[in-house]
Novice: 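There's a structure below that I have some questions on.
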Amino acid sequence: MNQEFYKVMDGGAIVDIASQGGYMLPGFMTPRRAYPLALTDEDAFVKKLVRRASIMHSEEADPQMAYMITKNIVHWYSAGCALKYMRHHNIRVLSVSPRYVETPMTEKERGKATDMRPQWHG
């Protein structure tokens, strides 16, 4: 979407929706070196991400890992777009990372070992 909006915008802002889940994995578990492949070789990119997401060899953990990795990619991609788009078209790009929200999808995950919701106090 960013690329398509970039083609027709002259100034303004693009807001990408990520998640705090993108910040939850330790750095060594996020395959950041593979992220540029998303822009050049989609098949290789997907293979590397699937391999990393399945590192825990758990049917319950794999989807959580995949989710956190993909949200981390949104942060990375938005930052790259921000630099390029501001320089060429005066377009601001940012990602927002909402906190954990109770939904029917998250209700299915409640109580599992992969329930890694941040504990919010305040």
Novice: Looking at CG of Asn2 and OG of Ser78, how far apart are the two atoms once the value is rounded to the nearest 0.5 Å?
Specialist: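 If I round to the nearest 0.5 Å, the distance is 6.0 Å.
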Novice: Nearest 0.5 angstrom please: Thr70 OG1 to Met65 CE, how far?
Specialist: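 The CE atom of Met65 is 11.5 Å from OG1 of Thr70, to the nearest 0.5 Å.
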Novice: Is it the case that one hydrophobic cluster holds both Val50 and Met29, taking links as side-chain heavy atoms less than 4.5 Å apart, direct or via other members?
Specialist: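 As far as the 4.5 Å side-chain criterion goes, Met29 and Val50 are connected within one cluster.
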Novice: Partners of Glu4 by salt bridge (charged side-chain N to carboxylate O under 4.0 Å, His left out), sequence neighbours excluded?
Specialist: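 Here the qualifying residues are Lys7.
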Novice: My understanding is that only residues two or more places apart in sequence, or in another chain, count here; which of them pass ring pair (Phe, Tyr, Trp, His ring centres under 6.0 Å) with Tyr6?
Specialist: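 Partners of Tyr6 under the ring pair (Phe, Tyr, Trp, His ring centres under 6.0 Å) test: Tyr85, His89.
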Novice: Identify whether Met24 and Phe28 are in the same connected component of the hydrophobic contact network (ILVMFWY, side-chain heavy atoms under 4.5 Å).
Specialist: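 In one cluster: yes.
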Novice: Restricting to side chain to side chain donor-acceptor pair (under 3.5 Å), what partner residues turn up for Gln3, sequence neighbours left out?
Specialist: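 Per chain and number, Gln3 pairs via side chain to side chain donor-acceptor pair (under 3.5 Å) with Tyr77.
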Novice: Less than 4.5 Å apart, side chain to side chain, heavy atoms only: is that true for Thr40 and Leu37?
Specialist: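 SC-SC contact between Thr40 and Leu37 confirmed.
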Novice: With the 4.5 Å side-chain cut-off for hydrophobic clustering, are Leu49 and Tyr23 part of the same group?
Specialist: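 No, Leu49 does not connect to Tyr23 through the hydrophobic network.
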Novice: Compare every heavy atom of Phe45 with every heavy atom of Ala34, then report the nearest pair and how far apart it is.
Specialist: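 Taking every non-hydrogen atom into account, O-CD1, 3.4 Å.
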Novice: Do Leu39 and Ile14 sit in the same hydrophobic cluster, where Ile, Leu, Val, Met, Phe, Trp and Tyr count as joined when their side-chain heavy atoms come under 4.5 Å apart?
Specialist: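 Yes.
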Novice: Write down the atom of His75, the atom of Ser19, and the distance for their closest heavy-atom approach.
Specialist: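 Between these two residues, the closest heavy atoms are NE2-O, 3.4 Å.
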Novice: At what distance, to the nearest 0.5 angstrom, does OG1 of Thr30 lie from CE of Met68?
Specialist: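 Thr30 OG1 to Met68 CE: 11.0 Å, rounded to 0.5 Å.
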Novice: Under 4.5 Å between side-chain heavy atoms, counting indirect links through other Ile/Leu/Val/Met/Phe/Trp/Tyr residues: same cluster for Met1 and Ile73 or not?
Specialist: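 Yes, same cluster.
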Novice: I want to check something: taking the side chain as every heavy atom from C-beta on, are Leu25 and Ile69 in contact at a cut-off of under 4.5 Å?
Specialist: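 When only atoms from C-beta onward are counted, Ile69 and Leu25 do touch, with a gap below 4.5 Å.
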Novice: Just jot down the side chain to side chain donor-acceptor pair (under 3.5 Å) partners of Arg92, sequence neighbours excluded, or say none.
Specialist: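 If we apply the side chain to side chain donor-acceptor pair (under 3.5 Å) test to Arg92, skipping adjacent residues, there are no hits.
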Novice: Output all residues satisfying ring pair (Phe, Tyr, Trp, His ring centres under 6.0 Å) with Tyr35, sequence neighbours left out; order by chain, then residue number.
Specialist: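 Result, ring pair (Phe, Tyr, Trp, His ring centres under 6.0 Å) vs Tyr35: Trp76.
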Novice: Please examine the side chains of Lys48 and Pro31, heavy atoms only from C-beta on, and report whether any two atoms are closer than 4.5 Å.
Specialist: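 The answer is no, as the side chains (C-beta and beyond) never meet within the 4.5 Å cut-off.
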Novice: Taking atom CZ as the centre, does Arg87 end up with more than 12 heavy-atom neighbours from other residues, nucleotides or ligands that are less than 6.0 angstrom away?
Specialist: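 Correct, the count exceeds 12.
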Novice: Could you report the tightest heavy-atom contact between Ser95 and Val74, atom names first, then the distance?
Specialist: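 Taking Ser95 first and Val74 second, the nearest heavy atoms are CB-CG1, 4.3 Å.
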Novice: How far apart are the C-alpha atoms of Asp16 and Val96, what are their side-chain angles, what is the distance that settles it, and do they pass the side chain to side chain contact (heavy atoms under 4.5 Å, CB included) test?
Specialist: CA-CA 6 Å; Asp16 296 321; Val96 295; over 6 Å; no
Novice: Taking C-beta and beyond as the side chain, do Met86 and Val93 meet within less than 4.5 Å on heavy atoms?
Specialist: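 Of all side-chain heavy-atom pairs linking Val93 with Met86, none is under 4.5 Å.
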Novice: Should side-chain heavy atoms under 4.5 Å link Ile, Leu, Val, Met, Phe, Trp and Tyr, which residues sit in the same cluster as Leu83?
Specialist: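 Direct or chained contacts put Leu83 with none.
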Novice: Please report the interatomic distance CZ(Arg32) to CG(Asn72), rounded to the nearest 0.5 Å.
Specialist: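 These two atoms lie 4.5 Å from each other.
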